[in-house]
*Asks:* 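Mind having a look at this structure? Questions to follow.
If you're wondering where the values come from, they're calculated on a predicted model, not measured in any experiment. Sequential numbering from 1 along the given sequence is applied to the chain's residues.
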Amino acid sequence: MKVRVIVSLLMVIGLAVLSVAAFVNTGNITSTNTTVKQNIKVEVVIASITEKLVVLVTERAAFVETFSIDELTSVSYQSQAGKKSQDDYLLAKIAMAEAEGEDIEGKVLVMLVVLNRVRSNEFPNTVEAVIFQPKQFSPVMDGRFDRIEPNDDCWKALSMIKRKNWDKSMGATYFESKSKSTWHSENLKFLFQHGNHYFYKEYEKGMDEDV
């Protein structure tokens, strides 16, 4: 970030210097043909350099804007040159580990729980940190996550998020398969069921607790 800011500032300063130089040279034009020609040549060169710098600054700004968007979303929805990013791979793996027997939407929902956690202040702010946060995802704890590889449905699920912005998660940050444990139902707000998974989120302070 600092490097991009410095480069942009240097370009702005360069443009300012060139503009001043153009102004000074214009003011020095005399009535002699030789001086006029010299100044015209200088101004042509300055104009050419200025034009190139403007193009460069514009391209740099476009690059910085695109890069910043990817930085802010953290989860790298826009993989460069069609390559799968590390976050893409981790999302596909957690979907496979947690929802291999679910349909594509079920896999999407598992990914969205991870992404919702990334956006939440209550969890780590990267996909990797969320997935490997201690005692959160059973496949990570029992080693299944390391053994499996995503199938085609997992990549299709990821595509639904990246290309279609599909999100019916209702902000869910937890899910479970029904078991003897009652922790989720007793401590979280139930949202919906999809397949064999039940989705929840934390109660909003002062709002959901009394509902």
Side-chain angles (χ1 to χ4, degrees), residues 1 62-179 184-185 187-204 208:
M1 181 65 72
F63 170 78
V64 169
E65 181 181 359
T66 300
F67 188 82
S68 296
I69 290 173
D70 283 347
E71 268 188 341
L72 291 174
T73 55
S74 173
V75 290
S76 185
Y77 294 118
Q78 304 298 324
S79 301
Q80 294 183 357
K83 297 180 180 178
K84 297 179 177 66
S85 73
Q86 179 67 11
D87 284 346
D88 291 342
Y89 180 59
L90 291 174
L91 286 169
K93 273 179 76 76
I94 196 63
M96 185 67 176
E98 290 280 12
E100 182 177 5
E102 301 293 322
D103 60 12
I104 292 177
E105 288 190 3
K107 292 178 173 62
V108 177
L109 289 168
V110 168
M111 295 182 188
L112 288 172
V113 165
V114 174
L115 297 179
N116 289 340
R117 288 190 176 195
V118 171
R119 301 183 186 105
S120 170
N121 293 327
E122 304 300 322
F123 297 92
N125 60 2
T126 68
V127 168
E128 182 176 11
V130 164
I131 290 175
F132 290 106
Q133 186 177 12
K135 300 180 180 179
Q136 295 300 308
F137 295 97
S138 57
V140 175
M141 292 188 288
D142 64 21
R144 171 175 163 76
F145 180 85
D146 296 321
R147 297 191 300 269
I148 55 87
E149 287 296 326
N151 61 16
D152 288 342
D153 281 352
C154 293
W155 296 116
K156 290 176 182 178
L158 184 65
S159 179
M160 287 179 64
I161 298 174
K162 294 176 63 172
R163 298 181 182 180
K164 299 180 181 180
N165 296 317
W166 190 96
D167 188 347
K168 295 183 180 179
S169 69
M170 298 176 63
T173 48
Y174 294 84
F175 65 89
E176 67 164 345
S177 297
K178 276 301 180 182
S179 65
H184 288 80
S185 60
N187 294 278
L188 301 169
K189 180 179 180 180
F190 173 72
L191 296 174
F192 61 91
Q193 178 184 357
H194 184 93
N196 294 315
H197 282 151
Y198 297 78
F199 292 84
Y200 304 81
K201 69 176 181 179
E202 293 178 333
Y203 285 106
E204 296 178 24
D208 294 328

*Asks:* Quick one: does Lys162's side chain get under 4.5 Å of Asp88's, heavy atoms only?
*Replies:*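 Yes; the side chains approach each other to less than 4.5 Å.
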
*Asks:* Pair Met160, Ile104 - check side-chain contact (heavy atoms from CB on, under 4.5 Å), show working.
*Replies:* CA-CA 9 Å; Met160 287 179 64; Ile104 292 177; 3.5 Å; yes

*Asks:* Sorted by first residue and then second, give each salt bridge (Lys or Arg N to Asp or Glu O under 4.0 Å) pair with at least one member in residues 123-144; sequence neighbours left out.
*Replies:*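 Residue pairs with at least one partner in residues 123-144: Glu100-Arg144.
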
*Asks:* Side chains of Asp87 and Ser85 only: does a donor on one sit below 3.5 Å from an acceptor on the other?
*Replies:*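 Result is no, nothing qualifies.
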
*Asks:* State, yes or no, whether a side-chain contact exists between Phe199 and His194 at a heavy-atom distance under 4.5 Å.
*Replies:* yes

*Asks:* Tell me the closest heavy-atom pair linking Gln133 and Pro124, and the distance in Å.
*Replies:*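 Heavy atoms only, the tightest pair is OE1-CD, 3.3 Å.
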
*Asks:* Answer yes or no on whether Lys178 is positioned over the face of Tyr198, meaning its NZ or CZ is under 6.0 Å from the six-membered ring centre and within 45° of the axis.
*Replies:*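 Yes, Lys178 lies over the aromatic ring of Tyr198.
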
*Asks:* Please report the shortest heavy-atom distance between Phe137 and Val130, naming the atom on each side.
*Replies:* CE1-O, 3.6 Å

*Asks:* To check you understand the geometry: which heavy-atom pair defines the closest contact between Leu90 and Val127, and what is its length?
*Replies:* CB-CG1, 4.1 Å

*Asks:* Given side chains that start at C-beta, do those of Ile161 and Asp167 come closer than 4.5 Å, heavy atoms only?
*Replies:*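 No. Closest side-chain heavy atoms not under 4.5 Å.
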
*Asks:* Suppose we screen for ring pair (Phe, Tyr, Trp, His ring centres under 6.0 Å). Which residues come up paired with Phe145, at least two apart in sequence or across chains?
*Replies:*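 With neighbours one apart ignored, the set is Phe132.
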
*Asks:* Would you say the side-chain atoms of Lys93 pair up with the backbone N or O of Ile148, donor to acceptor, closer than 3.5 Å?
*Replies:*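 Answer holds: yes.
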
*Asks:* Under the side-chain contact (heavy atoms from CB on, under 4.5 Å) test, which residues partner Ser138, sequence neighbours left out?
*Replies:* Glu98, Met141

*Asks:* I'd like to check Thr173 versus Glu122 (side-chain heavy atoms, cut-off strictly below 4.5 Å). Are they in contact?
*Replies:*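 No, every pair of side-chain atoms sits at 4.5 Å or beyond.
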
*Asks:* Hey, are the side chains of Lys189 and Glu204 touching, using non-hydrogen atoms and a 4.5 Å cut-off?
*Replies:*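 No, their side chains stay 4.5 Å or more apart.
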
*Asks:* Kindly compute the distance separating CD1 (Ile131) from CG (Leu91), expressed to the nearest 0.5 Å.
*Replies:* 5.5 Å

*Asks:* Would you mind telling me which of Tyr174, Phe192, Phe190, Phe175 makes a ring pair (Phe, Tyr, Trp, His ring centres under 6.0 Å) with His197?
*Replies:*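 Answer to the ring pair (Phe, Tyr, Trp, His ring centres under 6.0 Å) test with His197 among Tyr174, Phe192, Phe190, Phe175: Phe175.
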
*Asks:* I'd like to know whether Val113 forms a side-chain contact (heavy atoms from CB on, under 4.5 Å) with Ser169, so could you lay out the CA-CA distance, the side-chain angles of the two residues, the decisive distance to 0.1 Å, and finally the verdict.
*Replies:* CA-CA 7 Å; Val113 165; Ser169 69; 5.9 Å; no

*Asks:* How many angstroms lie between atom NE2 of His184 and atom NZ of Lys201, to the nearest 0.5 angstrom?
*Replies:* 15.5 Å

*Asks:* How would you list, by chain and number, every residue that makes a side-chain contact (heavy atoms from CB on, under 4.5 Å) with Ala95, sequence neighbours excluded?
*Replies:*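 Residues passing side-chain contact (heavy atoms from CB on, under 4.5 Å) with Ala95: Lys107, Met111, Cys154.
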
*Asks:* Name all residues meeting the salt bridge (charged side-chain N to carboxylate O under 4.0 Å, His left out) criterion together with Lys156; count only those two or more places apart in sequence or in a different chain, and write none if there are none.
*Replies:* none

*Asks:* Flag the pair Trp155 / Tyr89 as yes when at least one side-chain heavy-atom distance between them is below 4.5 Å, and no otherwise.
*Replies:*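 Side chain of Trp155 against side chain of Tyr89, heavy atoms only: contact under 4.5 Å found.
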
*Asks:* Tell me, please, which residues at least two apart from Lys168 pass side-chain contact (heavy atoms from CB on, under 4.5 Å).
*Replies:*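 Here the qualifying residues are Trp166.
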
*Asks:* Hey, could you give me the CG/CE distance between Asp153 and Met96, rounded to the nearest 0.5 Å?
*Replies:* 8.5 Å

*Asks:* Tell me whether the count of non-hydrogen atoms from other residues, nucleotides or ligands lying under 6.0 Å of CG in Asn196 goes above 12.
*Replies:*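 Atom CG in Asn196 is not crowded, with 12 or fewer foreign heavy atoms closer than 6.0 Å.
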
*Asks:* Please report the closest heavy-atom contact between Leu191 and Gly171, naming both atoms and the distance.
*Replies:* CD1-C, 4.5 Å

*Asks:* Rounded to the nearest 0.5 Å, what separation is found between the CG atom of Asp146 and the CD atom of Glu149?
*Replies:*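 Going from CG on Asp146 over to CD on Glu149, the span is 10.0 Å.
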
